[in-house]
Structure formats: structure tokens, C-alpha cells
Colleague: 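Pasting in a structure now, in C-alpha cells, and then I'll have a few things to ask.
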Amino acid sequence: MRALVTGGAGFIGSHLVDRLVDRGDEVIVVDNLSSGRLEFIQNHIDSGKVDFHNLDLKDIESIKGSFIGVEMVFHLAANADIRLGTRITDTDLKEGTIVTYNVLEAMRLAGVSKIAFSSSSVVYGEDAPMPTPEEHGPCLPISLYGASKQGGEGLIGAWVGTFGFQAWVFRFANIIGERGTHGVIFDFIHKLKKDPNRLEVLGNGLQEKSYMEVGDCVDAILFVIENTNEQMNLYNLGSNDTCSVRNIAAIVIRETGCAEATIEYTGGDRGWAGDIPKAMLSINRLVNLGFGVNYDSEEAVAHTARVLISEIMGE
Ligand code: NAD
């Protein structure tokens, strides 16, 4: 299959590219390297298995040609920094909602009708029941990032209903693992690298979320696509439990060997305005389809801490 991955040089995108190349797909990556890294996919570019297009998806004219002859688009490009919206209010609109419009429109013009989309658990907002099933609604996100994901889902639904597209929308929990370039574990390791005696934790540390290992995430994406065939397929991707920020801090301190570090909590029930302090997705739909998740949240955190420590401390 000829597949196009937007954001394919990013953390999750590059793992997806690995899987697509492994199964023999011809892969085009469209990425502007704003947070992605070419080194994540350089081996595939060198072997001729990935065609890399260094383009900004905000410019629809420049991206149209990339979609010609493609069978399926995996749309992962976005601003992945949820906190940014507290300071700059149009990033998620441009990098999320408008970019998703541009991708859909470039697909329509090129005659491509299958899309998989990386949405997020944050679309459910703050008062959703836990674990949150896909049927929950209304979805009322409380961050600008969450609003852009919901906007993206809405546009995809419109292209399905109006232009006969087929879509797979994945609402991710926190995805962590090798090549991670942001998020709580990444931040903690960087802070301890700078000062091994002190770890600042945003909020009171009682925030509690589900974590999914990135290999599980990309395997689940491909498994769901292979085993479903509705016009619109909606799946939560996560693990069966949660891990608290206090527990993550303890795991990172243990794995870095910074046993003397004192933890300083900034206080409050959440890391920043728009953060959702407690989140856990129901993954019954995924499990009932026959997919088994390899790592629970705590195992995923410990595994990620180990791989990121060797990546970051070696820099
Ligand atoms: P990432 O920042 O590593 O990946 C995003 C990629 O998109 C990067 O390679 C970046 O360079 C590229 N990109 C951004 N804007 C672009 C533009 N205008 N044109 C071209 N390329 C552009 O982040 P990630 O964690 O791998 O996230 C991938 C997707 O999954 C995102 O859509 C993110 O919102 C979603 N998601 C991630 C998580 C998580 O926990 N990591 C959770 C929920 C949803």
C-alpha cells in the first residue's frame, strides 16, 4: 500500500513509519520538522523505503502534490504541546483544525478517501465518567488543544458524510516510550539532569492518568484498521489502569539513581490551566476486537524512563 504519514518524523509518527515499512508499504512522510526529528526516520530514507517531503501542512498549495496516488493517510501532525495554548491562543487552531482541513481537502482533490487520525482523550473534557467509553457525550474539551482535536474529528465526520470518506479516529491516552520528545517523564529526566538534588512537580502530584507504550499504540492503530470496516470507526487507545504523577516522580528518581532528590510540588490539583487531572479511557472496544495491550501504565512508565534516560543522559 502507498501510505502517507503526516507528522511521520515525530515521536509516534516515526514508530508508525517503522511498522508500515516493516509490512512492506511504500511510505511518504510529510513533516516540517517543527518538533519531529529527521534522525528518527533517516534509516528508511537512506534505504529508499520512505519518501520524505519537508513541507508545512498549513500551506495547502504546497502539499497537494504529495497526496497523488496515495491509498491511505495517517494524519498525526499537530502541535503536541497542550500547555502552549495557555500562552499562544492560535497555535492549535492553525496546527490542528486548519491543518486537518488542509489534509482532508488535499485528499479529496487527489481522490484519496481513507484517513486515520490521532485524536486525544482530552476531547472528553473534565466531567466524563472514568473509565470513559467512546459513547460518552457531549464532549466538552477544556483546552485549546482539545478543542482543535474535536474540531478535527468534526471535519473528518463531515468529509465522511459529504464526500464518502472512510475514517478511523483514535482517541489516545498519554503515549510514552522510546524517542519521546515531550511529556512528564521527559520533563522530569531533563530537570534531574540539570539538578540531581531537586525535582519540581507541577501541581500536587495527585494527577492520575493512563499511559500507553508507543509500540502498543501503533500496533493497535494498524490492528483496528485491519479489523474494522465501518465508514466512521472510533476507538480509544490506552491501557487498563492509571499511574499518578507522584508515582512517576518516584519511578524516574529510582531509575536515574538520583536518590537524594527532594520533590517540590507547585501545588493545585492540575499542572496548568486546561490540564485534566484525572483521566482513564475505557479500552473495552479495542479489547473486544481482540487486541491485547502489552504494558500496563506503570510498566510503560518504567520502560520509558529507562529508554529516555539512556537517550537524554547520553546527549
Ligand atoms: P510530535 O510533536 O512528536 O509529532 C508531531 C509531528 O508533526 C512532528 O514531527 C512535527 O514536526 C509535525 N508537524 C507539526 N506541525 C506540522 C505542520 N504544520 N506541517 C508539517 N508537519 C508538522 O508529537 P507526538 O506525541 O508524536 O504526537 C503525534 C500525534 O498524536 C499528534 O497529533 C498529537 O496531538 C497526538 N497525540 C499524542 C499524544 C501523546 O501522548 N504523545 C496523546 C494524544 C494525542
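Ligands are counted one by one from 1 in listed order, and the atoms in each one are counted from 1 as well.
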Colleague: If you count the atoms of ligand 1 from 1 in the order shown, which ones are under 4.0 Å from a heavy atom of A80?
Modeller: 2 (O), 23 (O)
Colleague: Minimum heavy-atom separation for A305 to V252, with atom names?
Modeller: CB-CG2, 4.4 Å
Colleague: Relative to the heavy atoms of G10, which atoms of ligand 1 are at a distance of less than 4.0 Å?
Modeller: 3 (O), 4 (O), 8 (C), 9 (O)
Colleague: Is the shortest heavy-atom distance from the side chain of V122 to the side chain of P141 under 4.5 Å?
Modeller: no
Colleague: So does K94 pair up with D56, basic N to acidic O under 4.0 Å?
Modeller: no
Colleague: How far does CG of N240 sit from CE of M212, to the nearest 0.5 angstrom?
Modeller: 10.0 Å
Colleague: Taking 4.0 angstrom as the limit and counting only heavy atoms of H182, give me the atoms of ligand 1 inside it, by number and element.
Modeller: 23 (O), 24 (P), 25 (O), 41 (N)
Colleague: For A173, which part has a heavy atom under 4.0 Å from ligand 1: side chain, backbone, both, or neither?
Modeller: backbone
Colleague: Within less than 4.0 angstrom of ligand 1, does S119 place any heavy atom?
Modeller: yes
Colleague: Return the residue, atom name and 0.1 Å-rounded distance of the protein heavy atom closest to atom 26 (O) of ligand 1.
Modeller: I12 N, 2.8 Å
Colleague: With the side chain counted from C-beta on, respond yes when L289 and V287 share a heavy-atom pair under 4.5 Å apart, and no when they do not.
Modeller: no
Colleague: Report yes or no: does L55 have a heavy atom closer than 4.0 Å to ligand 1?
Modeller: yes
Colleague: Heavy atom to atom 9 (O) of ligand 1, shortest distance: which of T91, D31, V99 holds it?
Modeller: D31
Colleague: Can you list the ligand 1 atoms lying under 4.0 Å from a non-hydrogen atom of G7?
Modeller: 6 (C), 7 (O), 9 (O), 12 (C)
Colleague: Under 4.0 angstrom from ligand 1, any heavy atom of R171?
Modeller: no
Colleague: Can you label the angle between the F186 ring and the H190 ring as parallel, tilted or perpendicular, going by 30° and 60°?
Modeller: tilted
Colleague: Only heavy atoms of L76, strictly under 4.0 Å: list the atoms of ligand 1 that pass.
Modeller: 28 (C), 29 (C), 31 (C), 32 (O)
Colleague: Considering heavy atoms of the protein only, find what lies nearest to atom 33 (C) of ligand 1 and give residue, atom and distance to 0.1 Å.
Modeller: Y145 OH, 3.5 Å
Colleague: So do I82 and W272 actually touch side chain to side chain, heavy atoms under 4.5 Å?
Modeller: yes
Colleague: Identify, for atom 39 (C) of ligand 1, the protein heavy atom at the shortest distance, and state residue, atom and that distance.
Modeller: I175 N, 3.7 Å
Colleague: So if I count the atoms of ligand 1 from 1 in the order they appear, which ones are less than 4.0 Å from some heavy atom of L33?
Modeller: 11 (O)
Colleague: Which is closest to atom 15 (N) of ligand 1 in terms of heavy atoms, R37, M212, E95?
Modeller: E95
Colleague: Using a strict threshold of under 4.0 Å (side-chain N to carboxylate O), is an ion pair present between R270 and E126?
Modeller: yes
Colleague: What I'd like to find out is whether the side chain of L222 reaches to under 4.5 Å of the side chain of L16, using heavy atoms alone.
Modeller: yes
Colleague: Within ligand 1, which atoms have a heavy atom of G36 less than 4.0 Å away?
Modeller: 8 (C), 9 (O), 10 (C), 11 (O)
